[in-house]
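Here's the structure, in structure tokens; my notes come after.
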Amino acid sequence: MSLFSKVLLVVVLAAFSVVGAYRWAGRALGPTVEVNNPERYVGRTSVLDFSVETPGGTIAGVEAVLEQGDTRISLFSLAAPREARVEQETHERIRIVQTFDLNDLPGATEGPARLIVTAVRPVLYGLRQASTSRTHSLELRFEPPRLTVLSTQHYVNHGGAEMIVYRVTPNDVESGVIVDNQIYPGFPAEGAGITGADEAMHVAFFALLHDQELDAPMQVFARDPAGNEARADFSHRTFPKVFRRRQITVGNNFIQRVVPAIAEQSDAARVLLEGIPKDDLVTQYVRINADLRQENAIYLLALAKQTQPRLLWQGSFRQLGNSQVESSFADHRTYLYNGQAIDQQVHLGFDLAATANVAILASNHGVVVHADFLGIYGNCVVIDHGMGLQSLYAHLSSIGVQVGDAVQQGQEIGRSGRTGLAGGDHLHFTTLLHGHPVTPIEWWDPHWIGDRITRKIARASAR
Ligand SMILES: [Zn+2]
């Protein structure tokens, strides 16, 4: 082969490999695009949240467009990111979070739309580009839900509960009552036994908690999956209640009996007591009385989510037979040790005196959602009565039911005792509404049940 031929061969081969590399580069994978939000529904304002990942971290461009028929609305461009937050999550990945307001981006209408995110990366030293386009189906919703309150006369005692009947449309919204900052979910009215109720009719139980102001704002609310919200006022009156103040003397014998016993059964208690000297009984006690009480309250709020969407109870609730009320709801207690105040707590239940090992009976029909040791409550049973209402029985010596058991009013669920933070044998009874303690007196009272609940159910049924 002549020199010329050899040179020609090398040139031809080189040309082929450049073309090959160029073609190969054209088939290279584009960046990985992951859309976190919106998932499906978009309101007037929404958050665009997505990430782009690419080998080496070099990105040539990112665009996010909302497409509806012939209309194209630019939501984001890496070339002009405006107020978007662009965060370098790893060397190879960026995350883009941008709140957008369709009032400022005209052209979009209610109905289906497409989100198209396109990301481009340079390949072959920038001679070519590899791109990825992700399309996401969306539904634009701008119309807020509609709310109408049906029930009248809402009388709420401080520390007590009330019921409301309302209509809400469309039927895929979450709704309920909001009292100051507390949310009480509503449920389809059919679950309250309202006959002839359509999908729009709802029932919610709500409360004015003992530590809220008498003039706390109360409204029904509804929020659709696109974030559109509606609120409506309803007529209501609140009534003050006097909460007692009491002093409780705490002695060494009591602390020595209860603190190690709770620590033995509760991992949470052991963690709280770590590092406190063995002989510092007062600090140990206060840690249990304050911090473990707080942790138990958080657990009860979570447990409330397991409520059933229908009323399981019937008639008034039953108080422990022949019991003497030892303590009433929302007592403000100051704990004294050697005459010194060491702690203050609000006692959010009723202490009903009983002798040891007395049968403890379910106050009404329901389903057991907790049957185990629970911190300051010792051996404890919680019964769900539906629509957010639950009853708690504490300090039991033994538990006779299991989680998931359906129980009838008057059925034995355990035996009285003094486990947990109990000075002597008694039943501590708490009524919980969506995990918040409310006074049980109302639920024990057939007149209150008739007036506040049964009457409203009957009226709504007659509509
Ligand atoms: Zn108690």
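Whatever order the structure lists ligands and atoms in, that order sets their numbers, starting from 1.
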Looking only at the side chains, is there a donor atom on one of H236 and E162 sitting less than 3.5 Å from an acceptor on the other?
no
For the Zn ion (ligand 1), does an N/O/S atom of H347 lie at less than 2.8 Å?
yes
Got a sec: does the CD of E190 have more than 12 other heavy atoms crowding it under 6.0 Å?
no
Keeping H158 on the side-chain end and H210 on the backbone end, is there a donor-acceptor pair under 3.5 Å?
yes
Heavy-atom count check: over 12 atoms from other residues, nucleotides or ligands less than 6.0 Å from E264 CD?
no
Do you know which N/O/S atom name in D351 is closest to the Zn ion (ligand 1)?
OD1
Short check: any N/O/S atom of H428 below 2.8 Å from the Zn ion (ligand 1)?
yes
